[in-house]
Amino acid sequence: MICVLTAAAVRAAEKHTENKGVAEILLRMNAALAVADRVYERACKNGVRTAVFCGPGGNGYDGLLAACRLRRMGCDITVYYVGELDKFDRTAVAYAKNEGLKPIDAAEYIGGADIIVDAVFGIGLSRDVTGETAALLNRLNSENNAFKLAVDIPSGLNADSGEIMGTCFRADVTVTFSCYKPGMLFDRGRDVCGRIFVADVGVETSSAVRVFEDGDLEPYVRKRSAHKGTSGKVFIIGGCGNMIGAPMLAAASAHAAYLNGAGTVTVCLPSVHRASAASRVSMAMMKFLPDTADGFIKFDKKALDGIIGKASAIGIGVGMGETPELKKTVEYLCENFKGTLVLDADALNAIKRDFGFLSSAVAKTVITPHVGEFERLTGLPATVDNAMRTARETGSIVVLKSATTIVTNGTEVRLNLSGTPAMAKGGMGDVLCGCITALSCAFDPFDAASIACYRNGSGAERAVSSYAEMMLTAKDVLKFADYDEI
């Protein structure tokens, strides 16, 4: 997993590395090589013109060195400087000129580059971009046919908050150094960074906040001796009478549980759906729970004890409606169930602002709010720090779902970047609930949540290569998720 560090923490890590005897120029050369290698495949072709825009700070220094490397590799490179050339590092400018690159004032750029490399501002930017520089970035953004790459971070993006500082370069690819920066992953960062590549340039990094990636799945392998009896019994409690589609959401969650390795899956629905669900729910077994006159599942100790006595993991909340009966049910399960309890959707809405009982739960609890649900549940903004605080206070694993999903146990944070904007629709969270519930039969709930979030996102990424993006459904995510790895 790759660390996520603020700008100040990155500078401290770089200083620590230099104090150990590693020269700054070596770190810069490694950064330049990483950028050049990412650009080279496109830039080396005949007739491809590459324009590198450099500012007077460290980011521009890295850009100049990358341009020199590309020049040595035979690419058609032009370097443009932003600001006053006498404020640039003299050694870097001299090196560029020695390589046959004479920096040109960016005001003279007339457009038409095939590749644009942004090395104007780095992670230290703390003021709005204005005037001629803002106009330049906007102009570069308007060149729709050019491939755009940002060095370390797109110019104009706040490295810590993800705020756009006046205006911002919009990159297709960002080559960032040593670690992710929080601003790349939250707020507007995901919109302007494009695909992010983290280059190891030799700086030692350490952080409690890290990104969960494909290679992190490798340790999680089901034992060859596994069979149905050792793979867990999952129960998904959901549905209500006044929403016809609600039982199908619960069924989708149950189907996801099967695909994530559960030995058996039982979907628990209100009795009002006994006839209709029998013809529509496939694969999962069904259990019908006592319900109210209007079709909401009742709090019934005997029925719940029947589930508790069999289940390895329970997922609850999908399509149930926010009722006092549901809150009593959640409290009872927390007090009496010894497996993993995944609280989703209406189970979270039912306990909003009154979830203190989670801290004394016998069950291992996982709460899976999206941003709106988290803010209703806690009354706090949906941030990394507040997710960690909620996890500590409740003793739960918190899965705070968004474009960048935060998974935390209160001391460690794993961020999930996989996924696509096509997942911004109903049903995706219901499927995720089933995935987490099933995986928690085999793995620690923190690991189960991390795996489920990553695999659902990567499944969606594969699915959009076969579907128009806006046509993607939760069922498609399940179809394309790679379940062979576990």
Side-chain angles (χ1 to χ4, degrees), residues 212 216-239 249-269 281-289 303-318 329-330 332-345 347 361-368 395-397 399 407 409 429-456 459 474 477-478 481-486:
F212 191 92
D216 300 313
L217 291 172
E218 292 179 6
Y220 304 106
V221 179
R222 176 184 280 190
K223 295 178 180 178
R224 294 186 65 83
S225 59
H227 55 80
K228 182 177 72 172
T230 63
S231 298
K233 296 180 180 180
V234 166
F235 284 73
I236 301 295
I237 304 174
L249 295 178
S253 187
H255 184 61
Y258 256 134
L259 290 180
N260 279 267
T264 64
V265 181
T266 301
V267 58
C268 303
L269 300 171
V281 176
S282 61
M283 295 185 67
M285 295 180 285
M286 286 180 287
K287 183 179 180 68
F288 295 97
L289 301 179
L304 292 175
D305 287 342
I307 294 172
I308 289 171
K310 298 177 181 179
S312 308
I314 299 171
I316 184 171
V318 176
T329 299
V330 170
Y332 188 78
L333 290 173
C334 284
E335 292 170 359
N336 295 278
F337 179 51
K338 296 181 180 179
T340 299
L341 179 64
V342 181
L343 306 181
D344 187 42
V362 173
K364 293 177 285 187
T365 53
V366 181
I367 61 175
T368 61
S396 302
I397 304 302
V399 181
V407 183
N409 59 5
D430 307 316
V431 163
L432 180 64
C433 174
C435 296
I436 296 172
T437 307
L439 288 167
S440 67
C441 294
F443 306 109
D444 174 86
F446 187 33
D447 293 332
S450 304
I451 298 164
C453 290
Y454 179 80
R455 291 202 322 188
N456 272 22
V477 171
L478 288 173
D482 187 356
Y483 296 110
D484 293 336
E485 296 170 356
I486 295 178

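- The two residues Ile308 and Tyr332 have their closest heavy-atom pair at CD1-CE2, 4.0 Å.
- In this structure, Ser312 contributes its side chain and Gly232 its backbone to no donor-acceptor pair below 3.5 Å.
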Quick one: do Cys435 and Asn456 satisfy side-chain contact (heavy atoms from CB on, under 4.5 Å)? Show the steps, please.
-> CA-CA 8 Å; Cys435 296; Asn456 272 22; 3.4 Å; yes
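- Ala448 and Ile436 make their closest contact through CB-O, 4.0 Å (heavy atoms, listed as atom of the first residue, atom of the second, distance).
- Leu343 CG to Ser396 OG: the interatomic distance, rounded to the nearest 0.5 Å, is 7.0 Å.
- Side-chain contact between Ile307 and Leu289 is present, with heavy atoms from C-beta onward closer than 4.5 Å.
- Atom OG1 of Thr266 is separated from atom NZ of Lys287 by 8.5 Å, given to the nearest 0.5 angstrom.
- Counting heavy atoms from C-beta on, the side chains of Lys310 and Thr264 never come closer than 4.5 Å.
- Side-chain atoms of Leu341 and Val366, non-hydrogen and from C-beta on, never get closer than 4.5 Å to each other.
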Take Ile397 and Ile367 through the side-chain contact (heavy atoms from CB on, under 4.5 Å) test and state the conclusion after the steps.
-> CA-CA 6 Å; Ile397 304 302; Ile367 61 175; over 6 Å; no
Yes or no on side-chain contact (heavy atoms from CB on, under 4.5 Å) for Ile316 and Leu333, after CA distance, side-chain angles and deciding distance?
-> CA-CA 10 Å; Ile316 184 171; Leu333 290 173; 3.9 Å; yes
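- Between Thr340 and Pro445, the closest heavy-atom pair is OG1-CG, 3.7 Å.
- Note: Leu432 CG to Cys453 SG = 4.5 Å, rounded to the nearest 0.5 Å.
- For the atom pair CE (Met285) and SG (Cys268), the distance works out to 9.5 Å, reported to the nearest 0.5 Å.
- In this structure, the side chains of Thr437 and Ile314 stay at 4.5 Å or more apart for every pair of heavy atoms.
- The residue from Thr368, Thr365, Val399 that alone fulfils the side chain to side chain contact (heavy atoms under 4.5 Å, CB included) condition with Val342 is Thr368.
- Taking the side chain as every heavy atom from C-beta outward, Phe235 and Val265 never approach each other to under 4.5 Å.
- Ala313 approaches Ser440 most closely through the heavy-atom pair CB-OG, 3.6 Å.
- By the 4.5 Å heavy-atom criterion applied to side chains, Val362 and Phe337 are not counted as neighbours.
- Phe212 has its side chain out of reach of Val407: every pair of non-hydrogen atoms, C-beta onward, lies at least 4.5 Å apart.
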